[in-house]
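Both ligands and their constituent atoms are indexed starting at 1 by order of listing.
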Amino acid sequence: MGLKIIWLGHAAFEMTGRKHVLIDPFITGNPVAPKKIGELKPEIIAVTHGHADHFGDTVAIAKRSKAMVVANHEIACYLETKGIEAQGMNFGGSIDLGRGVKITMVPAWHSSGIEEANYGFSGGNACGYVIEDEVKIYDAGDTALFSDMKLIEELHHPEIVLLPIGDRFTMNPQTAAIAAGWLRPEVVIPMHYNTFPPVAQDPKKFAELVRGKSPKTKVVILKPGEVFEY
Ligand code: NI
Ligand code: MN
């Protein structure tokens with residue numbers, strides 16, 4: 001085993017297992033980003049939706065690194081107009097990324113207008129992803145709590161779960177702890193908080209609530225730039 005997850009602040013994560021995957025690369029304008037876009041050399045970029053704090057620097061990083069982008073069909077079509085190699089997909093479908101790594105798109109309750117395109121393109125639906133590398137990782141994306149997370153648990157049994165806790169645009173510590181109770185992962189990592197004042201939250205409060213809902217789950221609170229090794 002040797003999976004590393006690096007939190008780049010907000011909802012941006014870098015994962016290096018059998019494949020080097022970057023999720024929601026919001027670096028430029030992210031006040032807590034620990035890296036510059038030139039330091040990121042992913043093979044795959046997975047985008048959960050079109051909002052600027054997720055779509056972020058996808059175009060610039062994909063151009064530099066020649067990474068392939070995975071996104072919903074609508075965002076993939078937009079990226080192709082920018083000359084980016086993108087694989088579109090939709091809820092319930094999977095793509096084999098090679099070297100035994102698979103990515104599955106799962107629903108999220110959110111919206112997905114492409115801010116970079118001034119909402120002139122449809123952004124499709126926001127999503128989450130289950131990435132099967134050395135272990136299964138469920139990145140919930142930006143979402144409200146929804147009970148089909150129980151189905152995601154039944155279908156995929158993710159060992160590591162990334163959940164937004166910032167409130168206002170997504171779940172908050174209370175609802176994210178309910179999600180953790182349904183998903184019962186080995187590890188949960190909170191995200192989408194303390195980037196800007198509207199998403200200020202105390203992750204320790206989330207950790208305490210998770211202990212009540214899923215006592216065997218370890219809550220890993222990362223600082224931007226910190227590496228979690230599984
Ligand atoms: Ni969003
Ligand atoms: Mn967001």
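Centred on the Ni ion (ligand 1), the angle running from H51 (ND1) to H110 (NE2) is recorded as 100°, rounding to 10°. Our summary of the site lists the angle at the Mn ion (ligand 2) between OD2 of D142 and OD2 of D53 as 170°, to the nearest 10 degrees.
Note on H54: counted as a metal contact of the Mn ion (ligand 2), an N/O/S atom lying under 2.8 Å. At least one N, O or S atom of D142 sits under 2.8 Å from the Ni ion (ligand 1). At least one N, O or S atom of H49 sits under 2.8 Å from the Ni ion (ligand 1). Note on H110: not counted as a metal contact of the Mn ion (ligand 2), no N/O/S atom lying under 2.8 Å.
A salt bridge links R99 to E43: one of the charged nitrogens lies within less than 4.0 Å of a carboxylate oxygen.
H49 and H110 have perpendicular rings, their planes meeting at more than 60° on a 0 to 90° scale where under 30° would count as parallel.
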Apply the test side chain to side chain contact (heavy atoms under 4.5 Å, CB included) to residues I131 and V101: give CA-CA distance (whole Å), side-chain angles for both, the deciding distance (0.1 Å), then the verdict. CA-CA 7 Å; I131 299 172; V101 180; 4.2 Å; yes

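For K35, the NZ atom sits in a packed shell: over 12 heavy atoms of surrounding residues, nucleotides or ligands are nearer than 6.0 Å.
Checked by atom type, the side-chain pair T170/D142 shows no donor-acceptor distance below 3.5 Å.
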